[in-house]
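The sequence lines fix the lettering, A, B, ..., with proteins before strands; numbering per chain opens at 1. Here the structure is a predicted model, which is why all the values come from computation and not from measurement.
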4 protein chains.
Amino acid sequence: MTRKRDREQTRQELLATARRQFARAGYDGTSVRDVAGAVGVDPALVFRYFGSKRGLFDEAMAAHTDAMIDAPLEQWPRELLGRLVFQDWEEYDGEHPLIVALRSIGSDDERDRLRDEICAAHIDKLADLAGDAKDKQLRAELFAAWMLGLGILRSAVRTPALAKAEQQDLQPHLEAVAEAIFGRPIPGPE
Amino acid sequence: MTRKRDREQTRQELLATARRQFARAGYDGTSVRDVAGAVGVDPALVFRYFGSKRGLFDEAMAAHTDAMIDAPLEQWPRELLGRLVFQDWEEYDGEHPLIVALRSIGSDDERDRLRDEICAAHIDKLADLAGDAKDKQLRAELFAAWMLGLGILRSAVRTPALAKAEQQDLQPHLEAVAEAIFGRPIPGPE
Amino acid sequence: MTRKRDREQTRQELLATARRQFARAGYDGTSVRDVAGAVGVDPALVFRYFGSKRGLFDEAMAAHTDAMIDAPLEQWPRELLGRLVFQDWEEYDGEHPLIVALRSIGSDDERDRLRDEICAAHIDKLADLAGDAKDKQLRAELFAAWMLGLGILRSAVRTPALAKAEQQDLQPHLEAVAEAIFGRPIPGPE
Amino acid sequence: MTRKRDREQTRQELLATARRQFARAGYDGTSVRDVAGAVGVDPALVFRYFGSKRGLFDEAMAAHTDAMIDAPLEQWPRELLGRLVFQDWEEYDGEHPLIVALRSIGSDDERDRLRDEICAAHIDKLADLAGDAKDKQLRAELFAAWMLGLGILRSAVRTPALAKAEQQDLQPHLEAVAEAIFGRPIPGPE
DNA sequence: CATGAATGAGATTTCATTCAT
DNA sequence: AATGAATGAAATCTCATTCAT
């Protein structure tokens, strides 16, 4: 009955389970007991490894934010569409991690941290697509807003058309909207 | 010494306070005690009036979903922009009620209810703007996604450019994107 | 099975029980569960009434510090001997409350508070007995130290002779020591 | 990378650290983890070496009770004053070990053990100073009480005058009180 | 022998909620 | 109809301690 004594493996299992549970039920709706129980270890272990419930949450959510986009600027829109909207996020129980983060904001500090992360990771780079328009930043945010909205409607609200759409169904619309927002054509896949 | 014995007034005060608190701290972050305390009544009253904490939440959030848009079809985009993005939502402590709802989803049933509400109130009508395109519903959802994303970025994430933008700053972008999505020009204000 | 609903009575029972338990087992050795259980109420009630475990402790211990000595200066030594040494402290399970307090110091702040209380309640007044000697304060502390030591040896350590001594057995020694410390005779009971 | 493998050295370090921590924070306020951590070893080692937390405590506290006073009877009062009151107890973080012991009494057995230790080490011998008075034992306890009280007031409560007094400031008072208690002059130094 | 992964019990505290008055 | 005393469940977290490695 006693678990295999493999720290790293146990840690990873806890993180994976935490991701799913936090995604499904939100921060407050998930208890450390739940997570530990699902993995089959004692809740105390969670505190040993992650210090606190929040520590577990942060580490679980941070896991997949790292990966930077490494594509040429022109392909960012399509890349973001793929990443922010058409991932299946099965690790997060089909829930969009940004929404999980959004749902789990519990203080202004956390809100600020989330904003800074989103800006740094997604928005700032987009501004370059607007050339030297005076409202570059705004345009970037307009586009990011669309991505975010699409992600939410598709994965959280599960609106009928978006829920069953595939990425290629959106490709023409993507190009049209990107051109409308950035004021110049953004080439699609050649 | 005892409170004004005006049942209806107390109910309304409880709802108004609940709206603010739920918006600020989320469902789990708000306690019945907080709400009752802020109004100056006994928590037990909340249960007499609303049955349960969830009952209070539902009634508080439902209060302002009613108001239907009563404008000609062509003005829906602008109307929605005003309603979903550029409201100040002071009743909700500056927080977008859709986000409050989103943050408070605690079960699949609640998710379904939220979806149906959003579709009925905002999306279905938009589809008519797409004329007889075969992906009318999708286009409507694409546009709704943008609105939603804008609202979230502006009021919840508080992204810099959007946070200080005024509705008129977005008007040209609104027209461009609407045309891109619906495939035909949507006239701006006269 | 449900308790009589008398707030004040319940409060007093909790305080009385808390006094005994804290005295017997010290602050850390006593759990809120224990106290509430002994009174037959739910632990949550303790928090409702006293805010925290510390709140319960403080109120329980403060209960009997108030009573000020209202005797002429010359009778202070005998009075203190009665109060600090020859009380039976049955409310505190036979334990000297100062020792309970001493045992329960958990931080420097608490130490400081205890010192100030002891000085204000017992020591400062004693200084007047030393007339205008330049080390009045020191003499007062020397005498207070004796009282304290007697109380501890009698009630906490339960040293054989002191444990079974009566106040009158100490009276001659009290007079001798008081005179030795304050440099002048302190009249006994006439 | 692994610690110096000197069992005895590690034991001593653990004991020294334990003394300080127990003195500073009390028995309950000190965790095995703290002690082991401060020494840089694994907590499990503490259990190997000392069996239990209580075992560590007992051994740490017993360490310095041994040293017997090896002076002529007449010099005991002054000797005790030096030992019980004017030690700096730096090993115990400035805290009087008797108080540490007092604070850490957790059961009646422990209380009994402490009493026997105190009597054997300090009180019994003092009785001889009272000559053949019929209340020799009581007088010895009265004097010991004073020492104890002084120690507590000086090191635990940190009463102002005592906290900054030096041993020589107390010498005349010591002689006066000793004479008052034992009924005969006790010669001072030299 | 020593390590450290893992445990189980228990502590304080907070909440939604019920029920006697 | 309204109050507030009381409850029971659950949550986070800490500790002493054990046991496989």
Side-chain angles (χ1 to χ4, degrees), chain A residues 1-11 28-36 39-56, chain B residues 1-3 5 7 10 27-36 41-56, chain C residues 1-11 28-36 39-56, chain D residues 1-3 5 7 10 27-36 41-56:
Chain A
M1 182 57 73
T2 99
R3 262 188 87 70
K4 210 172 13 155
R5 285 172 180 256
D6 181 337
R7 181 187 172 98
E8 200 46 40
Q9 156 118 13
T10 305
R11 261 184 70 96
D28 290 303
T30 301
S31 78
V32 173
R33 285 241 259 280
D34 292 342
V35 176
V39 174
V41 300
D42 194 279
L45 211 58
V46 170
F47 294 93
R48 197 135 226 77
Y49 285 170
F50 306 100
S52 68
K53 184 187 180 182
R54 189 79 212 180
L56 171 63
Chain B
M1 176 67 66
T2 74
R3 261 187 78 72
R5 295 186 167 261
R7 188 184 164 100
T10 303
Y27 182 80
D28 289 298
T30 301
S31 76
V32 172
R33 226 176 193 79
D34 290 342
V35 176
V41 302
D42 194 278
L45 212 58
V46 169
F47 294 89
R48 278 200 85 71
Y49 286 172
F50 306 99
S52 70
K53 183 187 181 182
R54 191 78 214 182
L56 170 65
Chain C
M1 180 59 72
T2 97
R3 260 189 85 70
K4 207 167 17 142
R5 285 173 178 254
D6 181 337
R7 182 187 172 99
E8 199 46 39
Q9 155 118 12
T10 305
R11 262 184 71 95
D28 290 302
T30 301
S31 79
V32 173
R33 284 240 260 279
D34 292 342
V35 176
V39 174
V41 301
D42 194 279
L45 210 58
V46 170
F47 294 92
R48 199 137 223 69
Y49 285 169
F50 306 99
S52 69
K53 183 187 181 181
R54 190 78 214 179
L56 171 64
Chain D
M1 175 66 68
T2 75
R3 262 187 79 72
R5 294 184 169 264
R7 186 185 165 99
T10 303
Y27 183 81
D28 290 299
T30 301
S31 77
V32 172
R33 223 174 198 83
D34 290 342
V35 176
V41 303
D42 193 278
L45 213 57
V46 170
F47 294 90
R48 278 200 85 69
Y49 286 173
F50 306 99
S52 69
K53 184 188 180 181
R54 191 79 212 182
L56 171 64

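- Nearest nucleotide to the A/V32 side chain, out of E/dA6, F/dT12, E/dT12: F/dT12.
- The phosphate of E/dA6 (OP1 or OP2) has a side-chain N or O of A/T10 nearer than 4.0 angstrom.
- Between B/R54 and B/Y27, the closest heavy-atom pair is N-OH, 3.3 Å.
- Under the 4.5 Å side-chain criterion, counting only non-hydrogen atoms from C-beta, B/F47 is in contact with B/V32.
- Of the candidates E/dT12, F/dA5, F/dT12, F/dA5 carries the atom nearest the C/R7 side chain, counting heavy atoms from C-beta on.
- Summary of the strand contacts: C/A44 and A/G51 both lie near DNA chain F, and taking for each the nucleotide with the nearest heavy atom, the more 5' one is attributed to C/A44.
- Distance CG (A/D6) to C1' (E/dT3): 15 Å, rounded to an integer number of Å.
- Nearer to the 5' terminus of DNA chain E, by closest-nucleotide assignment, is the contact made by D/P43 (compared with the other of D/P43 and C/D28).
- Each of F/dT7, F/dA5, E/dA16 was ranked by its minimum atom distance to the side chain of B/K53; first place goes to E/dA16.
- The side chain of B/S31 lies closest to E/dA16 when the candidates are F/dA16, E/dT17, E/dA16.
- A/D34 has its CG atom 13 Å from the C1' atom of F/dT12, to the nearest Å.
- Nucleotide E/dG10 forms a pair with F/dC13, judged by Watson-Crick or G-U wobble geometry with both contacts under 3.5 Å.
- Under the Watson-Crick or G-U wobble criterion, with both distances below 3.5 Å, F/dA6 is paired with E/dT17.
- Shortest non-hydrogen contact noted between D/A36 and D/V46 is CB-CG2, 4.2 Å.
- If you measure from atom OH of C/Y49 to atom P of F/dT7, you get 9 Å, rounded to the nearest angstrom.
- Between the CZ atom of D/F47 and the C1' atom of E/dT3 there is a distance of 14 Å, rounded to whole Å.
- For B/Y49 against B/T10, the heavy-atom pair with the smallest separation is CE1-CG2, 4.1 Å.
- Toward the 5' end of DNA chain F, the nearer of the two residues B/L45 and A/D42, judged by each one's closest nucleotide, is B/L45.
- Between the CZ atom in A/R7 and the CG atom in A/L45 there is a gap of 8.5 Å [rounded to 0.5 Å].
- Using a 4.0 Å cut-off, no side-chain N or O of A/R33 falls inside it from OP1 or OP2 of F/dA10.
- Rounded to whole Å, atom C1' of E/dT13 lies 14 Å from atom CG of C/L56.
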